[in-house]
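To start, the structure itself, in structure tokens.
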Amino acid sequence: MPSLKDLKNRIGSVKNTRKITKAMQMVAAAKLRRAQDSAEAARPFAERMTSVMAGLAASVGQSDGAPRLLAGTGSDKVHLLVVMTSERGLCGGFNSSIVRLAKAKIIELQAAGKTVKILTVGKKGREQLRREHADKFVGHVDLSEVRRVGYANAQSIARDLIARFEAGEADVVTLFYNRFQSVIAQIPTARQVIPARFEGATTNALYDYEPSEEAILADLLPRGVATQVFTALLENGASEQGARMSAMDNATRNAGDMINKLTIQYNRSRQAAITKELIEIISGAEAL
Amino acid sequence: MAGSLQFDLVSPERRLASLKVAEVQIPGAMGDMTAMEGHAATITTLRPGILRVAGGADGAKAYVVTGGFAEINAGAVSVLAERAVPLEDVTPAVMDALLADAREAAAITTDKDAAAKMLADFDALKIATQGH
């Protein structure tokens, strides 16, 4: 049975924790709005880009002269997994869910006899993967100094990926990130970026192309990779803040519950102490 | 005169402009072209250069764009530029930053001809912007 003083200290410390989690929740809410805005602002470009590329890919894709970024290297032996996680913790299951998906994929690929390489973006995922898969790391992108993710960050990651692909270090590149659906739902997603995959391609046959379709496609594909990386980074950023917000909301609520419970316990012990003293006085008086 | 051509300029990070104009001069990869209402549907890649629009509600505008592409329809032009900066904001410092970035990209690409062309375009662009 803890003493009254212990209980009081305990309540004080939980109250402080609640203040911190509450503040973190509010900060995350503000950051979430900003992250959502930038994800929203980036959408028109990504959508146009994808639709034009999908159209081009549908008409050029089958020919022999298709660019390597679309057609692939002809083998799928070496898989490069780009695991995008956050730089900071305290965001619930955000990082674990991405890592879990990546680990499942690694096991699946290894069972199929493929070589797996891992490039991590954000240190939290790296820490979680290090235990089992440290031998597969080929690189790490540190974004902890970046206050706001810009297209330039995505571009440098994309350049790195393309360089590795061109050098024959990877045949297939897949991004792992959390797609933002709502504050309480982020969906871990794996998206193959090299060779490029397009769904529901429609031919835009009505256009003149200057220069040729092949040349445009070859020019656009590297930019397409950068755009997809950028989209993934932004979605991930919004998801992280969303996850942190709901995690901190839970923490704040738990702290509140705990304070209530501790307060009841404190009051009970205080009451018990008073009763005990009264009994002592009364029995003392009766003894006289 | 307010134009009748819908012009959109989009960069990866945001939509930079969306207005009605009369004509758009595009620095296409195969040479400059001017698109006006009723232009044949065309998709062209961009070279680093200056994109000009004229006949908008608030006069002519110019932007420095690096690579990307333009989609031209009879009634609309959408330019998707990797980087786009209003010409009046392009200082020598901005230009140098763009140039440094281009050199970095050129250094890792395997297509040396395209890289050389891109750098030459950048040099021409630098000279063109010095008047401002």
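Labels below follow one simple rule: chain letters A, B, ... track the order of the sequence lines, proteins then strands, and each chain is numbered from 1. Computed over heavy atoms, backbone and side chain alike; hydrogens, waters and symmetry mates excluded.
- Nearest approach of B:T44 to A:I216, heavy atoms of both residues: CA-CD1, 4.3 Å.
- With chain A as partner, the option from B:R83, B:E82, B:R14 having the largest number of non-hydrogen pairs under 4.5 angstrom is B:E82.
- Residue contact with chain B, scored on non-hydrogen atoms closer than 4.5 Å, involves the side chain of A:F230 exclusively.
- Taking every heavy atom of both residues into account, B:I72 and A:Y207 meet most closely at O-CE2, 3.7 Å.
- B:D101 contributes atom CG, which lies 5.0 Å from atom CZ of A:R159 (distance to the nearest 0.5 angstrom).
- Ranking B:A29, B:S11, B:G28, B:G31 against chain A, the residue ahead of the rest is B:S11, based on heavy-atom pairs under 4.5 Å.
- For chain B, the option among A:A39, A:P44, A:A218 with the highest count of heavy-atom pairs below 4.5 Å is A:P44.
- Taking each heavy atom of B:G68 and A:D219 in turn, the nearest pair found is O-OD2, 4.1 Å.
- Between B:E13 and A:A41, the shortest heavy-atom contact is O-CB, 3.3 Å.
- Closest non-hydrogen pair, A:M49 versus B:L80, comes out as N-CD2, 3.8 Å.
- When A:R43, A:R48, A:Q155 are compared by the number of non-hydrogen pairs under 4.5 Å with chain B, A:R48 comes out ahead.
- A:E210 places no side-chain N or O within 3.5 Å of a backbone atom of B:T42 that could act as its donor or acceptor partner.
- Chain A forms more heavy-atom pairs under 4.5 Å with one residue of B:P12, B:A41, B:A40 than with any other, namely B:P12.
- Contact annotation for A:E40: neither backbone nor side-chain heavy atoms come within less than 4.5 Å of a heavy atom of chain B.
- Contact annotation for B:N73: only side-chain heavy atoms (C-beta onward) come within less than 4.5 Å of a heavy atom of chain A.
- In A:I184, the CD1 atom is not crowded: 12 or fewer heavy atoms of neighbouring residues, nucleotides or ligands sit closer than 6.0 Å.
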